[in-house]
**Student:** 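Dropping a structure here in C-alpha cells format, bear with me for questions.
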Amino acid sequence: MLACHRKLKVFSCNSNPEMAEEIAVNLGTTLVKSCVGRFSDGEIRVQIHESIRGADVFVIQSLVRPVHDNIMELLIVIDALRRASARSITAVVPYYAYARQDRKAQPREPIAAKLLANLITAAGATRVLTIDLHAPQIQGFFDIPLDHLKAAPILAQHLDARGLRGCVIVSPDVGGVTRARGIAEHLDATLAIVDKRRPRPNVSEVMNIIGEVKGKPCVIVDDLVDTAGTIVQAAKALLDAGATEVRGCCTHGVLSGPAIERLKSSVIQELVITNTIPVSAHDNIDKITVLSVAPLFAEAIRRIYEELSVSILFE
C-alpha cells in the first residue's frame, strides 16, 4: 500500500510491457493510458491520454533489441512527460544498453555508456533505477541520482532450491569475481575463476581454471549472456576439469546471434536468467529458466516514491 499523498504514475514503453504490467500490479496501480507508436515514416509518436501534472512518473524501458528504437522511445517519452509538467521522472531501465562500452579499451574508441547517460539526463530524467550494470562505475556517468539494484539474492534463492548450496560458483573472468563472490556468500559456496582472453569482440578462449572444481557441481555466474560463447566454452572446460555438472545464471539474457543453438548443444544443464529482457517464444528452450525481478523493482519504486531508503534492497 502506497502511503504518500503525491500522485504516482507508472508508464510503459514498448520494450518490456509484461514486466511493466507486473510492476504496476505489485504496486497496486495501473499503467498510464498512452500510445507509443510510429508515424508512417518510422518516427516515434507519443500520446499521453491522462494528466500527469505534478506526478512522480516511473518510465519502464529495457534498452534491448531493437536497441536504438528503444533508446529513442525512452528519450522522447521522458521529454513528453517533462513538457507535461511531471513533478519527477525516473527512468526505470532494467537492461542498460552500451554498458560494455564503458571505457576506451583501444585508441579512438567512444565511451558510449557515458553518452547514453548524458542523453537520458538531457531528455529530462531526474533519477535512474537499474539492476546489475555490466560495469558498476557507470553509476558515476550520471549527474542525477541512480539506484543500482542487485539480482544476486533472487538468483541465489533459486539455486538453493535446486540443492546447490555448497557448490562451486565460477566467475567466467577475473572482472566478474566480485559478482560471483556475492552469490557464493549466499550459498556458502567456494569460488573458482575461468582464465580467458578475447581476441576480438564476442569471441573468447578459455585458457585455464583457477580453483578446485573436481567432483563438485558448478554454477557459472555472469551479468549477461550474449552470444553464449564464453559460458559454453567455460562449461566444457569445467567438465573436463572434473566438475559433476554445470549450470549458468545471469541477470540479463541478451541471447543474440548463435546463443540459442550453442546452449541447445552445450553441456549446460540449466541457464537461469531474469526477465529484464523479454524472452521470445522461439528462444524459450527447456534449458532456460526465467525469474521475475518485477517485485524487486516495484519495491524499489515504492521506496523511492515514499522517500524511504533503498539500500535495504541491496542486502
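These numbers come from a predicted model, not from an experiment. Every heavy atom of this structure was used, including side-chain atoms; hydrogens, water molecules and symmetry mates were not.
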**Student:** What I'd like to find out is whether the side chain of S171 reaches to under 4.5 Å of the side chain of R179, using heavy atoms alone.
**Tutor:** no

**Student:** Less than 3.5 Å apart, any donor N or O on the side chain of S85 or R53 sitting next to an acceptor on the other?
**Tutor:**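 Looking only at side-chain atoms, R53 and S85 do form a donor-acceptor pair, the distance falling under 3.5 Å.
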
**Student:** With heavy-atom distances below 4.5 Å as the criterion, would you say the side chains of F297 and N26 are in contact?
**Tutor:**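 Contact flag for F297/N26 side chains = no.
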
**Student:** Could you walk me through whether S292 and E22 pass the side chain to side chain donor-acceptor pair (under 3.5 Å) test, one step at a time?
**Tutor:** CA-CA 9 Å; S292 178; E22 189 178 351; 2.8 Å; yes

**Student:** Looking at side-chain heavy atoms only, is the closest gap between F141 and I111 below 4.5 Å?
**Tutor:** yes

**Student:** State plainly whether one hydrophobic cluster holds both L191 and L159, where clusters connect Ile, Leu, Val, Met, Phe, Trp and Tyr through side-chain heavy atoms under 4.5 angstrom apart.
**Tutor:**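 As far as the 4.5 Å side-chain criterion goes, L159 and L191 are connected within one cluster.
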
**Student:** Which one of K287, H158, E245 satisfies the side-chain contact (heavy atoms from CB on, under 4.5 Å) criterion with E270?
**Tutor:** H158

**Student:** So do L155 and V221 actually touch side chain to side chain, heavy atoms under 4.5 Å?
**Tutor:**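 Not touching, per the 4.5 Å side-chain cut-off.
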
**Student:** I want to check something: taking the side chain as every heavy atom from C-beta on, are E73 and R38 in contact at a cut-off of under 4.5 Å?
**Tutor:**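 E73 reaches R38 side chain to side chain.
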
**Student:** Out of the candidates I89, I48, I60, L31, only one should pair with F11 under the side-chain contact (heavy atoms from CB on, under 4.5 Å) rule; please name it.
**Tutor:**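 That would be I48.
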
**Student:** Hey, are the side chains of C13 and V59 touching, using non-hydrogen atoms and a 4.5 Å cut-off?
**Tutor:** yes

**Student:** For N14 and Q61, which heavy atoms make the closest approach, and how far apart are they?
**Tutor:** N-OE1, 3.5 Å

**Student:** Can you find a heavy atom in the side chain of L291 that is under 4.5 Å from one in the side chain of Q157?
**Tutor:**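 Of all side-chain heavy-atom pairs linking Q157 with L291, none is under 4.5 Å.
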
**Student:** Between the side chains of R100 and D226, is the shortest nitrogen-to-carboxylate-oxygen separation below 4.0 Å, so that they form an ion pair?
**Tutor:**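 Answer for the salt bridge query: yes.
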
**Student:** Find out whether E299 and R303 are in side-chain contact, i.e. whether some heavy atom of one side chain is under 4.5 Å from a heavy atom of the other.
**Tutor:**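 Of all side-chain heavy-atom pairs linking R303 with E299, at least one is under 4.5 Å.
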
**Student:** Can a donor-acceptor pair be found, under 3.5 Å and without considering hydrogens, that links the side chain of T130 to the backbone of V93?
**Tutor:**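 Side chain of T130 to backbone of V93: a pair is present.
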
